[in-house]
Amino acid sequence: MEPPAPPRRVTIVDVARHAQVSTTAVSKVLRNAYGASPEMRTRVRRAIDELGYRPYAAARGLRGQTYTIGVMLPDIRNPFFPEILDGITSRLQGTDYQVFLGPGCNGEKEEARVTEAMIDRGMDGIVLVAPVSSSARLQHVASVVPTVVIGRHGRSPVYDTVTDDDVAGASLIVSHLAGLGHRRIAHIEHHETDPTRIAEMPNAQRADGYRRAMRSLGLTDEIDVVSTSYTQQGGYQGAKELLGRRHRPTAVFAGADIVAMGVLEAVAEAGLSVPGAISVAGYDNTTFAALGPISLTSVDQAGHEIGANAARLLLERITDRHRPSVQVKLSPTLVPRRTTGAAPE
């Protein structure tokens with residue numbers, strides 16, 4: 001027996017016949033164009049629902065929009081990035097836009113591959129989360145498609161940015177630890193060598209904020225920075241290095257919560273207590289930071305709000321490609337929990 005033929009896809013012609021209107025009328029309703037009466041819109045929408053009609057994305061693209069937005073995430077394992085994504089999708093609720101994700105893998109070549117794929121597929125806009133690409137590359141992407149960049153502190157006339165005040169956030173952590181009596185406060189940063197990224201990336205801003213805060217508190221001689229990576233393994237390696245020193249720190253400020261998880265692992269492996277022997281603080285206030293068994297002190301940079309702002313700005317830029325660029329900087333807050341306590345005697 002021959003296999004049954006696949007069901008035929010419902011077309012705009014089918015919708016027009018079912019609603020007893022012209023295909024032009026259906027097209028106007030789909031495009032939300034002028035000239036379709038409320039009664040006609042109701043009839044067409046009812047026919048679409050009853051028939052289960054779905055327009056071809058490629059065909060919509062030929063008319064100027066695909067109603068798709070690409071979001072590039074640098075590392076899908078970092079639990080902070082879903083907070084941003086949640087803010088983006090929440091802001092897009094009630095619109096026709098759908099979000100598609102692409103992993104940037106913390107590399108310029110990988111980011112270029114993902115962004116080019118999004119452009120080639122006619123996506124109406126792109127959100128780049130903490131991209132490591134050069135400024136020239138970001139300018140190129142934004143010249144081709146409406147773009148919002150999250151987590152880069154540079155300015156551009158062609159794309160909008162949403163950032164956290166990372167310098168202020170780092171200062172909140174250092175001041176908190178110093179207020180608990182700590183002097184030997186160490187920091188684990190993400191290793192960076194590119195001059196532009198040192199000036200613009202959040203990891204470099206947090207390291208700079210740490211140094212500034214230590215100096216302002218008279219702790220210049222106690223500045224201690226280990227460069228690894230913003231990963232759990234990076235935190236583990238950084239903590240192992242710090243714990244092996246003759247005068248180990250009494251507190252560690254990890255540049256991200258995912259880094260702090262590695263620090264906690266290394267501290268437990270060394271048989272030390274938190275915060276009795278050593279205090280640990282992170283950054284991002286991710287969901288797991290609030291879990292009872294972890295209870296990680298962290299900086300809340302409002303990931304949901306970052307994402308919502310990025311989606312808002314992107315919709316505005318899709319509507320008006322030539323409007324002046326906008327830079328949104330959010331103010332972080334400290335969330336003290338049980339991983340930080342008084343400095344040991």
Side-chain angles (χ1 to χ4, degrees), residues 71-81 83-84 102-112 114-115 126-142 147-156 158-174 187-213 225-235 238 253-260 262 282-286 298-303 306-307 309-310 325 327-332:
V71 178
M72 190 283 295
L73 298 177
D75 183 358
I76 60 175
R77 292 164 296 188
N78 190 319
F80 174 62
F81 297 133
E83 302 284 338
I84 294 176
C105 303
N106 287 308
E108 292 191 47
K109 289 184 179 180
E110 293 81 359
E111 282 187 6
V114 168
T115 54
I126 295 177
V127 178
L128 303 176
V129 180
V132 298
S133 296
S134 67
S135 295
R137 172 66 191 171
L138 298 180
Q139 296 274 123
H140 165 72
V141 172
T147 301
V148 174
V149 175
I150 290 175
R152 287 280 290 256
H153 290 267
R155 299 175 67 93
S156 167
V158 292
Y159 61 78
D160 306 301
T161 61
V162 183
T163 62
D164 169 59
D165 191 339
D166 294 289
V167 171
S171 180
L172 289 174
I173 287 286
V174 174
H187 176 57
I188 299 177
E189 68 170 359
H190 181 85
H191 180 65
E192 189 61 78
T193 57
D194 182 86
T196 300
R197 292 202 291 264
I198 288 175
E200 296 184 359
M201 294 295 283
N203 50 284
Q205 294 271 316
R206 291 170 198 173
D208 182 47
Y210 159 80
R211 291 183 175 92
R212 290 189 195 183
V225 179
V226 174
S227 297
T228 56
S229 64
Y230 269 13
T231 63
Q232 185 169 342
Q233 182 62 23
F253 163 33
D257 284 0
I258 189 70
V259 181
Y283 203 111
D284 290 335
N285 195 34
T286 49
S298 188
V299 170
D300 187 356
Q301 59 169 326
I306 288 174
N309 273 280
S325 64
Q327 290 76 42
V328 173
K329 181 178 284 191
L330 302 179
S331 298

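All residue numbers in this chain count up from 1 along the given sequence.
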Indicate the atoms forming the closest heavy-atom contact of [X] with [Y], along with that distance.
| X | Y | result |
| --- | --- | --- |
| Ser156 | Ser325 | O-OG, 2.6 Å |
| Ala260 | Ala254 | N-CB, 3.5 Å |
| Gln327 | Tyr159 | NE2-O, 4.4 Å |
| Glu192 | Asn203 | CB-ND2, 4.0 Å |
| Gly151 | Pro202 | O-CD, 2.7 Å |
| Ala310 | Val127 | CB-CG1, 4.3 Å |

Are any side-chain N or O atoms of [X] and backbone N or O atoms of [Y], one a donor and one an acceptor, separated by less than 3.5 Å?
| X | Y | value |
| --- | --- | --- |
| Glu111 | Val132 | yes |
| Ser227 | His191 | no |
| Arg152 | Pro131 | yes |
| Asp257 | Tyr283 | yes |

Interatomic distance, [X] atom [atom1] to [Y] atom [atom2] [nearest 0.5 angstrom]:
| X | Y | atom1 | atom2 | answer |
| --- | --- | --- | --- | --- |
| Leu73 | Ile84 | CG | CD1 | 7.5 Å |
| Arg77 | Ile258 | CZ | CD1 | 8.5 Å |
| Ser331 | Asp300 | OG | CG | 11.5 Å |
| Thr163 | Glu200 | OG1 | CD | 11.0 Å |
| Asp164 | Ile150 | CG | CD1 | 11.5 Å |
| Asp165 | Leu330 | CG | CG | 9.5 Å |

### Task
Could you go through the side-chain contact (heavy atoms from CB on, under 4.5 Å) check for Gln139 and Val158 one step at a time?
CA-CA 7 Å; Gln139 296 274 123; Val158 292; 3.8 Å; yes
Taking the side chain as C-beta and beyond, is there a heavy-atom pair between [X] and [Y] under 4.5 Å?
| X | Y | result |
| --- | --- | --- |
| Met201 | Asp194 | no |
| Arg206 | Ile173 | no |
| Phe81 | Ile76 | no |

### Query
Does a side chain donor of either Ser133 or Glu108 reach within less than 3.5 Å of an acceptor in the other side chain?
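Judged by distance alone, the side chains do not pair up.
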### Query
Does a donor on one side chain and an acceptor on the other come within less than 3.5 Å for Gln301 and Asp284?
yes
### Task
Go through the steps for His187 and Val174 under the test side-chain contact (heavy atoms from CB on, under 4.5 Å), then give the verdict.
CA-CA 10 Å; His187 176 57; Val174 174; over 6 Å; no
### Message
Angle between ring planes, Phe253 versus Tyr210, binned at 30° and 60°: parallel, tilted or perpendicular?
### Response
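The rings of Phe253 and Tyr210 sit tilted, inter-plane angle from 30° to 60°.
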### Message
Pair Thr147, Leu138 - check side-chain contact (heavy atoms from CB on, under 4.5 Å), show working.
### Response
CA-CA 9 Å; Thr147 301; Leu138 298 180; over 6 Å; no
### Query
In a check of side-chain hydrogen bond (donor to acceptor under 3.5 Å, both in side chains) between Asp166 and each of Gln205, Lys329, His153, which one passes?
His153
